[in-house]
Structures are given as structure tokens and as C-alpha cells.
Amino acid sequence: MPKEVDPKFLKPYNPQAVEGAIYKKWEDSGYFNPDNLPKQDGEPFTIIMPPPNANGSLHAGHALFVTLQDIMVRFARMRGKRALWLPGADHAGFETQVVYEKQLEKEGRSRFQMEPEALYKEIMDFTLSNKSFMEGQLRQLGASTDWSREVFTLDPRVISTVYDTFKQLHKDDLLYRGARIVNWCPKHQTSLSNLETERINRKDSLYYFKYGPFTISTARPETKFGDKYVVMHPDDARYAQYQDGQQLELEWINGPITATVIKDEAIDPAFGTGVMTITPWHDPIDFEIAQRHKLPFEQVIDWRGKLLPIAGEFAGMSIKDARPKIVEKLQAKGLVEKTEEYEHEVPVCYKCEREIEPQIKEQWFVKMEPLAKRAIEAVKSGEVKVLTESHEKVLLHWLENIQDWNISRQIVWGIPIPAWFRKDTEGNVLEIYIGDEGPSSAKATEGTWAKDIDTFDTWFSSGQWPFATLGYPDGKDFKNFYPTTVMETGADILFFWVARMLMLGLYRTGEVPFKYVYLHGLVRDAKGKKMSKSKGNVISPLDVSNEYGTDALRMGLIVGNTPGTDLNLDPQKIGAYKKFANKLWNITRFVLSQERTGAIKPELKDEFDAMAKDITKDIEEYRIYMAAEKLYHYVWDRFAAQIIEESKGKPEYGESLYYILENSLRLLHPFMPFITEEIWSSISKDKDLLMVAKWPVA
RNA sequence: GCGCGAUUAGCUCAGUUGGUAGAGCACCCCGUUUACACCGGGAUGGUCGCAGGUUCGAGUCCUGCAUCGCGCACCA
């Protein structure tokens, strides 16, 4: 004689009807904040959320990290730890500015026609409205984050931490301001770090020009106007007759010039003719050669990519227009020997794919080697463990070959660099001042003070995120929750972010910022293609959540997703987990129709406990994908398909069924928090929320 | 140039410290026996890229090769 069950179980599970209310219950309970947890003596467990860029909607990658981190945090919370998941939002400097500039472009406006203050305010409004939108989306995905501790990357206390780090680097002589070759994007009008450039393979013409007695080869005729130095390898026998410093008169693009021979080992005798002329202002190799030989630097191309007056009749032309005309002129003068097609790699801006124009610019650089050294030690000693091993190798390789870091950006949307320069009337810098407020005017005995108008590379500030968010150095949270437990983020920002956090965290606090690094891969579409707006194959996690339920989305993102490898998000797979949610719903319906008779069968309990122990170990060792799959199979293939079938018509199974259901819900909760909490409220009305229920394995 | 991976069922991928291969989807057959048709039962399907080696035993460790992919880097 079956018992009456709650009528809600007589219909299929409807995620949309319950998820919102459940999230509200969690949030109202206060348990997202570790200070409110029933058990206050547990050890701390901390994850700092990688702050999503507040410049659009959450994408599938966000849904993946939310799911992974939420599983880790809910698991820790149920095991009695003081679990803190600290949420954030990123102003995302250059990224957001690019997004906003596209919007301006659509409106027929341009940032270059705007006052910086007005532009800053507009982007701030844009960012803040996206931020609150995004917070709602994080809730929809079930993120059990402590909203009372949320931090925005432009919060005053973050900026103050960033300024302290800048000052400290200056004090420790790890910071320099130098005129170096930078990666200049002519579209975005800013310099970029090496990481912010990409290389594309391209076929171009390689021109061979007669340069006095030599033949030089170049792919960039438009830079050659100021070339007065001709360089060859000192051991190249073909040119042994020429001496370093020897001067030659020769005919060049715009008339006769005096050229000087330079011998330098940077030249590869096997490339082209083994001779080249140099353009120190627009080429990194040439820059170094010029530095070694103390040669002058002259700008040929302006910041917009147009030729300067040194180009004579070509002045004011764009590179694209000028190049063929210059070749034509040289041809007419009989100075073109031949032209070859060749393939080479060209650096481009990672945002607009416009060709990078190397330029010399005064920027702030951080000396990275000493910082990298400590990070390498931390990785090698195991103070910080990187999943997977291959990512650890990649990280070490990068750290071991680190280059100095340009942290200046010529954009308004960012944290201003707290530096002032005292300049004479020529514009030469007489003195540099670094501080929160400007230098007192009384100090300017000569020249005038001008503020650095640049902002920091976003990664310079976000590289300090773990300790900045926790209130270093005196904050209570810093003392309680630092070093954090896990940094879970995308493998694609291993260098941009993880490496910088590691280095800056060690530098400022003397401790690693996190003990584990868990890296996830890219979320691709069902066919393994990278999602992009232009391809139109973007899957919105919020849409998927609405259609299949958040729990199904979460399972689909987790099962079979090993750390560091890309995941194909197939709606069919999500559908399979929607069915699983319904299965669980119907299991409950059946169990609730049974009386709690008989004693728990030892063999069933032992079997369940062994499974529970096994998946606990999996989660502890970050095999989350495997824990999820094992649970799925236990619940469906063992519990539903076998145990329940055997139990039919046998009242002595009653208590066993309740035992297995109740404890399965505990195990499933981190993965499928909504449906498990909903069922929990029906089977144990007098107890606290499932999110703080005790994990079945100690 | 330097470095890191991948190659397992038709497709997409798991396979934890070496113990005679698994999932989802697809496909085929049967079934509406009261938890569930968002279901149940069953079937087909793999010489685990190739060649060697270590081992009682290798998808799993080692070496070489092939193919594909990724990252970093100043070749005019």
C-alpha cells in the first residue's frame, strides 16, 4: 500500500519553477559568508573568483569556472571547512575599452574626439551596469559566493594596494622608466605587452636593393629613409674588405647620403645577402644594434602609421600606400635588384589584428627576473602545485625565459600611474616623483611637474588580486584566508594572470597566493569549433540553463572534462543530464511512497559508503569530472535500476532506500545544487539546508 | 628556432598508482509488467596512430617514427 507523496513529485522536474527561490533561500541563510557557518572551528578554504570582465554577458567559459569553483566550495563547506568564495568584477582595462570603442564606432563617435574625463565616466557607467547584470547571471548559475565581500578592481583599497606595490618596486630598484621599443598598435593608440600580440603567417615581398656596393634585403622599404648604417657580421669573409666605422657615399631613395659600416654579430650571414641597413626606431633588433654601437635613433613612422617628413615626398602617406611608390622610385633609379616572395610571421594586435608598429616610447618596465626566480622556486618545491603537470612545465619554461614587462598603457580606462615628471622646457625629464598625491609645487625649482597620463596594464593590478581582495597587509581576512587554497582559472591566461599573481604575491607577501592551480580549457561548440560571435556558434550558458536547468548545464560542463583540456559543449549531452535530474526526481517519488521499515541493510550501506569514500577521494584530488560520472552511474545504474527494482514488494528495504537517497543527495549537492536542495526540503523538513549538511565521509 | 601536448567504438571524449577496454550521442531489436517514455530490457561496434623495448603482465612506463594541434621567441 503506497504512501501519499507530495504532489509536486507527480509531475516531471521543472528547474525553472524552483531555482530562483532556492538561490534566495541560500542567500538569505547567510551561509555564503563563512562567518555565519554553524561550525566556526573548521580550517579555512578559500577560492578567489577570477573576476569576470564587466563588459558583457557571461559566456560558456564563465559557466565552467563557476561550476568548478562552486563544486569545490560546496564540497569544502559540507566537510565543515570555513569556506570562502570571494566574488569580484573586473574593469578589464584594455579589453573593456576596446568593447566600448566598438560601441562608439557604431554611434559614429571616437574616443580620440573625447575628453579623457568624459570618456572615463561613460565607460564607468557602462561597466557598472554590466557588473550588476553579471552578478544576476552568477546567481542563476548557482554560485555560492560571499556577496558581502565582493570586490571591484577599481575599488579604492585595490588601487591603494596597487600603488603600494608600484612604490615598493621602485624602492627595490625593480622598476625603470625607459625609452625602449614597444609594441604599438596604430589603431588603439597604445603600447602592448608581448603577450598582447599575436603572430600571423603572411606572404610578403622581400626586396633586394642596391645600397652603394652592397645589396640589402628588406620587407619594409617604408622604414628605410633614415638608414645610414649598413651592418654585417664581423666574420663574414665576403665583406672583409670593409672596416667597422668606414664611411661610404651612395645614392639612396631621396638623394645621396653618407653611410657608415657597422660590424655586429646579430647579423645572420646566411640570410639574404648577409647585409642589412638598420632602422633603430622601428625594429627591435636594429634597436639593440644601435644601442650597442651608440648610434642615433630617428622616428620615420608616426603614431598613426603615417610617414614623417624624413620621407620627403612620401611624408603623410600611409605605409600601405607608400610602399609600392617607394619601390617604384627605387626601380626608376635602378636600385632594385630583385623581388622575392617569402613567408614570415608578422606581429599583430591581439584585438584588432592590425600590424604592430614597433616604436620607441618611454614606458614603465618591471624587471622580472628576480620576481620570476622566486616563483620558479615555489613551483619546483611544491609550495604551489599546478594541475596538470604539462601546464607546470609550460609555466616554468615561460618563467625561465621571462622578459621585462611594460606596464604602461595609453588608454584612459584603467588605474592611473601615480608618477609625475619634472621636465625642462625641452621636455627632458629632470626628476621623477612617485606617490599617491603629486609632488608639492614648491619642489619645482626648475621646470614644471607633469603627471604621467598613462594607466597600468590591467594585469599589473589583477596580478595582485589574491592579496588585494583580502585586505593585505592588516585585514582580518588576509590573516584568516591567505594563502588561498585553489586558483581555478582558464589555461589561456596562465602567463597573463597566474604567473603574475604568483610572482607579485610572493614579492609582496612573501607567501604563495594559492596552494593549487587548477586550469580548465576552452569551452568549444558541439563540433569542437571555437565559439565566436562572427561564426554565430556562441552557446549562451544562461539560455542553456533556462532550457535544461542549471544542474543539467553544470553536469554537462563537468563530466569528461579533465583539467586543462578543451571541452565541447554539446546540447545533447546537457539533455542527457536533464533526464538524469528527472530520474533523481522520480527516484524520490518512489522512495517517498515507501514506509521507512526494516533496518539499513549492511551490504547496501557498505557498498554505498565505499562509493562515497571513492568519490570523496576523487574530489579531494581534483578529479571532479570522474566523481561526477561515478555518481551518475551509481544513482542511475545501481540505485535506480537494481536496488529499487529488487526492493519492490519488499518492505524490509524501506530504511535502506531512505539511507541511500538521503546520502546520495549530499554527494550530488555540489554538482547539482538546485534539485538536491529542493528534494532535501521535502524529505527532511525539520533540518537545516542541504548546503550545510554534513558530508557522508569524514 | 625553443618548448608542450594529442592520436582509444561511426561522432565527441573518459580511462586515477601498469592487472585481459568505458561513457554520452548515433544506430539496431524488443517492451507501454503501477517511480520515471525526460522510461525499461537487449544487441552491434575498438589488433587503444606505427615500430621496437622494459615487465609475469602495457591504452597506461621508455625509445624512435608518422600525422595533427598549441604556446613562447627580435630573423632583416
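Since the model is a prediction, treat every value here as computed from it, not as a measurement. To find a chain, count down the sequence lines: A is the first, B the second, and so on, and within it residues start at 1.
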Open item on the list: Does anything in residues 615-623 of chain A come within less than 4.0 Å of RNA chain B? Heavy atoms only, and list the residues if so.
Closed with: A:Asp618, A:Arg623

Open item on the list: With rounding to the closest Å, how many angstrom separate the P atoms on B:G59 and B:C2?
Closed with: 33 Å

Task: Whole-Å C1' distance, B:C36 and B:C29 - done: 23 Å

Open item on the list: Suppose the criterion is ring-ring contact (aromatic ring centres under 6.0 Å, His included): which pairs have a residue in residues 636-658 of chain A, not counting sequence neighbours?
Closed with: A:Tyr632-A:Trp636

- [ ] Strictly below 4.0 Å, heavy-atom distances to any atom of RNA chain B: list the hits from residues 393-407 of chain A, or just say none.
- [x] A:Lys393, A:Val394, A:His397, A:Gln403

Task: Which nucleotides of RNA chain B pair, in dot-bracket form (Watson-Crick or G-U under 3.5 Å, | meaning another strand) - done: (((((((..((((.....[..))))..((((.......))))......(((((..]....))))))))))))....

Shorter than 3.5 Å, N or O on both sides, protein versus nucleotides 42-46 of chain B: list them out with atom names.
none

- [ ] Please determine if a side-chain N or O atom of A:Asn194 lies less than 4.0 Å away from the OP1 or OP2 oxygen of B:A73.
- [x] yes

Open item on the list: In whole Å, I'd like the distance from the CD atom of A:Glu392 to the C1' atom of B:G71.
Closed with: 16 Å

- [ ] Please state the C1' separation for the pair B:U20 and B:G24 - nearest whole angstrom.
- [x] 25 Å

- [ ] Could you check A:Met626 against A:Ser217 and say which one's nearest nucleotide on RNA chain B is further toward the 5' end?
- [x] A:Met626

Contact list (N/O, under 3.5 angstrom) for nucleotides 35-37 of chain B vs protein:
| unit_1 | atom_1 | unit_2 | atom_2 | d |
| --- | --- | --- | --- | --- |
| B:A35 | OP1 | A:Lys648 | NZ | 2.8 |
| B:A35 | O2' | A:Asn586 | OD1 | 3.3 |
| B:A35 | O2' | A:Arg589 | NE | 3.3 |
| B:A35 | N7 | A:Lys648 | NZ | 3.4 |
| B:A35 | N6 | A:Ala640 | O | 3.0 |
| B:A35 | N6 | A:Glu645 | OE2 | 3.3 |
| B:A35 | N3 | A:Asn586 | O | 3.1 |
| B:C36 | O4' | A:Asn586 | OD1 | 3.1 |
| B:C36 | O2' | A:Asn586 | ND2 | 3.2 |
| B:C36 | O2 | A:Lys583 | NZ | 2.9 |
| B:C36 | N3 | A:Lys583 | NZ | 2.8 |

Task: Distance, rounded to the nearest Å, where A:Leu192 contributes CG and B:C72 contributes P - done: 14 Å

TODO: Residues of residues 652-663 of chain A with any non-hydrogen atom less than 4.0 angstrom from an atom of RNA chain B: list those, numerically ordered, please.
DONE: none

- [ ] Could you measure between the two C1' atoms, the one in B:G45 and the one in B:A9, and give it in whole Å?
- [x] 6 Å

Open item on the list: Once you apply a heavy-atom cut-off of 4.0 Å, does A:Thr565 come out as touching a base, just sugar-phosphate, or nothing?
Closed with: sugar-phosphate

Just distance, no hydrogens or angles: give the donor-acceptor pairs under 3.5 Å from side chains in residues 572-584 of chain A, sequence neighbours left out.
| unit_1 | atom_1 | unit_2 | atom_2 | d |
| --- | --- | --- | --- | --- |
| A:Lys573 | NZ | A:Gly556 | O | 3.3 |
| A:Lys573 | NZ | A:Val559 | O | 2.8 |
| A:Asn582 | OD1 | A:Tyr13 | N | 3.0 |

Task: Gap in Å between the two C1' atoms, one belonging to B:C50 and one to B:U67, rounded - done: 11 Å

Task: Spacing between A:Leu567 atom CG and B:U12 atom C1', to the nearest angstrom - done: 10 Å

Open item on the list: Using a 6.0 Å cut-off, check whether atom NZ of A:Lys650 has over 12 heavy atoms from anything other than its own residue.
Closed with: yes

TODO: Output the single nucleotide from B:C72, B:C74, B:C4 whose closest atom is nearest the side chain of A:Ser390.
DONE: B:C4

Open item on the list: Please report the distance, rounded to the nearest Å, between CG in A:Asn201 and P in B:G69.
Closed with: 13 Å

Open item on the list: Regarding A:Gly272, tell me which of base, sugar-phosphate or nothing describes its non-hydrogen contacts under 4.0 Å with the strands shown.
Closed with: nothing

TODO: Classify the nucleic acid contact of A:Ile216 as base, sugar-phosphate or nothing, counting any heavy atom under 4.0 Å across all strands shown.
DONE: nothing

- [ ] Mind jotting down which residue pairs meet the salt bridge (charged side-chain N to carboxylate O under 4.0 Å, His left out) criterion with at least one end in residues 616-630 of chain A? Sequence neighbours excluded, please.
- [x] A:Arg79-A:Glu620, A:Asp614-A:Lys630, A:Asp618-A:Arg623, A:Asp618-A:Lys630, A:Glu621-A:Arg623

TODO: Take atom CD of A:Glu345 and atom C1' of B:A73, then tell me their distance rounded to the nearest Å.
DONE: 9 Å

Task: Residues in side chain to side chain contact (heavy atoms under 4.5 Å, CB included) contact with A:Val275, at least two apart in sequence or another chain - done: A:Phe214, A:Ile216, A:Val230, A:Met232, A:Tyr239, A:Thr273

- [ ] Rounded off to whole Å, could you give me the CG-to-P distance for the A:Asp566 and B:C68 pair?
- [x] 19 Å

Open item on the list: Taking B:G57 as the reference, what is the distance to B:G64 when you measure between their P atoms (whole Å, please)?
Closed with: 23 Å

Task: Option from A:Glu355, A:Glu341, A:Glu353 for which salt bridge (Lys or Arg N to Asp or Glu O under 4.0 Å) with A:Arg202 holds - done: A:Glu355

Task: Letter per nucleotide, 5' to 3', of nucleotides 21-32 of chain B [B base touched, S only sugar-phosphate touched, - untouched; heavy atoms, 4.0 Å] - done: --SSS-------

Task: Pair A:Asp457-A:Asn406, side-chain donor/acceptor within less than 3.5 Å - done: no

TODO: Calculate the interatomic distance between A:Ile574 atom CD1 and B:U12 atom P; express it in whole Å.
DONE: 18 Å

Task: Distance between C1' atoms of B:G22 and B:U8 (Å, rounded) - done: 10 Å

Task: Basic-acidic side-chain contact under 4.0 Å: A:Asp566, A:Arg524 - done: yes

Task: Whole-angstrom distance between B:U7 and B:A76, as gauged at atom P - done: 35 Å

- [ ] Determine whether more than 12 heavy atoms belonging to other residues, nucleotides or ligands lie under 6.0 Å from atom NZ of A:Lys8.
- [x] yes

- [ ] Give A:Tyr342 one of three labels, base, sugar-phosphate or nothing, depending on what nucleic acid heavy atoms sit under 4.0 Å from its own.
- [x] sugar-phosphate

Open item on the list: Just the rounded figure in Å: distance from P of B:A76 to CD of A:Glu288.
Closed with: 15 Å

Open item on the list: On RNA chain B, does the nearest nucleotide to A:Ala526 precede the nearest nucleotide to A:Lys578 from the 5' side, or the other way round? Give the residue.
Closed with: A:Ala526

TODO: Describe the nucleic acid contact of A:Thr562 in one word from base, sugar-phosphate, nothing, applying a heavy-atom distance below 4.0 Å.
DONE: sugar-phosphate

Under 3.5 Å, N/O pairs linking protein and nucleotides 62-65 of chain B:
none

